[in-house]
Amino acid sequence: MALTNAGAIALAAYAIGDGSVTNLASGNAYLGVGDSTTAFSAAHTDLQAATNKLRKLCTTVSRASGVLTFVTTFGTSEANFAWEEVGVFNASSAGTMVGRKVQALGTKTSASSWQLTKTVTVSA
């Protein structure tokens, strides 16, 4: 997943303990899905879907070396549309979108719950 400009700034702030940005620890990290196929831009600050988008609090947030892993489950009544984009956020609304990926993941319906796992790699 590619970092956004705001995500890079947030990660730099986290690195020096700058308390002006909400961290991505459990309780603060959200995965969002939307139905937009708009190409990634580092300048994006939110998912590009106009209406079909939803953020969900992560159930698991972990780190192994420079890889951050975020996991959540969307229930049968949530995000029932084509999943074309995914973002990692530090708030349920507004906040900072740390990364975004445009990827066709299929169309979720109310017949199933989907678990979403996304990683953000921080590297030189």
Side-chain angles (χ1 to χ4, degrees):
M1 176 175 288
L3 286 176
T4 62
N5 294 335
I9 292 166
L11 291 175
Y14 304 149
I16 64 166
D18 179 344
S20 68
V21 179
T22 301
N23 65 42
L24 291 168
S26 294
N28 297 332
Y30 290 78
L31 283 174
V33 293
D35 67 355
S36 175
T37 58
T38 300
F40 172 80
S41 166
H44 287 155
T45 58
D46 196 2
L47 295 173
Q48 298 302 288
T51 55
N52 286 332
K53 59 183 173 181
L54 179 69
R55 294 183 194 183
K56 183 84 186 266
L57 183 66
C58 291
T59 53
T60 305
V61 177
S62 61
R63 180 190 63 81
S65 296
V67 180
L68 306 171
T69 302
F70 304 91
V71 181
T72 196
T73 300
F74 291 82
T76 56
S77 65
E78 300 171 312
N80 293 316
F81 47 78
W83 289 17
E84 300 288 347
E85 60 179 333
V86 177
V88 175
F89 299 87
N90 68 355
S92 61
S93 62
T96 300
M97 181 171 67
V98 175
R100 177 175 175 262
K101 183 169 186 170
V102 179
Q103 178 181 17
L105 296 173
T107 300
K108 184 183 168 305
T109 68
S110 60
S112 61
S113 294
W114 283 12
Q115 182 179 50
L116 179 62
T117 301
K118 290 314 277 180
T119 59
V120 174
T121 301
V122 181
S123 63

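In this text the structure is predicted, and so the values were computed from the model without any measurement.
A pairwise comparison of heavy atoms in V61 and A25 identifies CG2-C, 4.4 Å as the closest pair. Shortest non-hydrogen contact noted between G95 and A91 is CA-CB, 3.8 Å. Across every non-hydrogen atom of L31 and F74, the tightest pair is O-CZ, 3.8 Å. The heavy-atom pair separating V67 from T121 by the smallest distance is CG2-OG1, 3.9 Å.
Every pair passing side-chain hydrogen bond (donor to acceptor under 3.5 Å, both in side chains) that includes a residue from residues 10-22 is listed here, sequence neighbours excluded: D18-S20. Counting only residues at least two apart or in different chains, side-chain hydrogen bond (donor to acceptor under 3.5 Å, both in side chains) contacts with residues 31-42 comprise D35-N52, S36-T38.
When atom types are taken as modelled, the side chain of R100 and the backbone of L47 share no donor-acceptor pair closer than 3.5 angstrom. Distance alone, capped at 3.5 Å, is enough to place a donor-acceptor pair between the T59 side chain and the V71 backbone. In terms of modelled atom types and a separation under 3.5 Å, the side chain of T72 and the main chain of L57 share a donor-acceptor contact.
In this structure the side chain of V33 never reaches within 4.5 angstrom of the side chain of W114, judged on heavy atoms. Using a 4.5 Å heavy-atom threshold, the side chains of Q48 and V102 count as separate. Taking the side chain as every heavy atom from C-beta outward, L3 and V120 approach each other to under 4.5 Å.
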What donor-acceptor contacts under 3.5 angstrom involve side-chain atoms of residues 103-111, with partners at least two apart or in another chain?
{"residue": "Q103", "atom": "OE1", "partner": "K118", "partner atom": "NZ", "Å": "2.9"}
{"residue": "K108", "atom": "NZ", "partner": "G75", "partner atom": "O", "Å": "2.7"}
{"residue": "K108", "atom": "NZ", "partner": "E78", "partner atom": "O", "Å": "2.8"}
{"residue": "K108", "atom": "NZ", "partner": "N80", "partner atom": "OD1", "Å": "2.8"}
{"residue": "K108", "atom": "NZ", "partner": "S112", "partner atom": "O", "Å": "3.2"}
{"residue": "T109", "atom": "OG1", "partner": "A111", "partner atom": "N", "Å": "3.3"}

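Hydrophobic clustering (ILVMFWY, side-chain heavy atoms < 4.5 Å, transitive): V122 and I9 are in distinct clusters. With hydrophobic clusters built from ILVMFWY side chains whose heavy atoms lie under 4.5 angstrom apart, V88 does not share a cluster with Y30.
Between the OG1 atom of T96 and the CG atom of L11 there is a distance of 9.5 Å, given to the nearest 0.5 Å. Annotation: the span from E85 atom CD to M1 atom CE amounts to 10.0 Å, rounded to 0.5 Å.
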Residue pair T51, F81: steps toward the side-chain contact (heavy atoms from CB on, under 4.5 Å) verdict: CA-CA 10 Å; T51 55; F81 47 78; over 6 Å; no
Can you list the steps and then say if T4 with F40 is a side-chain contact (heavy atoms from CB on, under 4.5 Å)? CA-CA 9 Å; T4 62; F40 172 80; 4.1 Å; yes
Derivation of the side-chain contact (heavy atoms from CB on, under 4.5 Å) call for M97 and T45: CA-CA 6 Å; M97 181 171 67; T45 58; 5.7 Å; no
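Both cation-pi conditions hold for R55 and F89: the charged atom is under 6.0 angstrom from the six-membered ring centre and inside a 45 degree cone around its axis.
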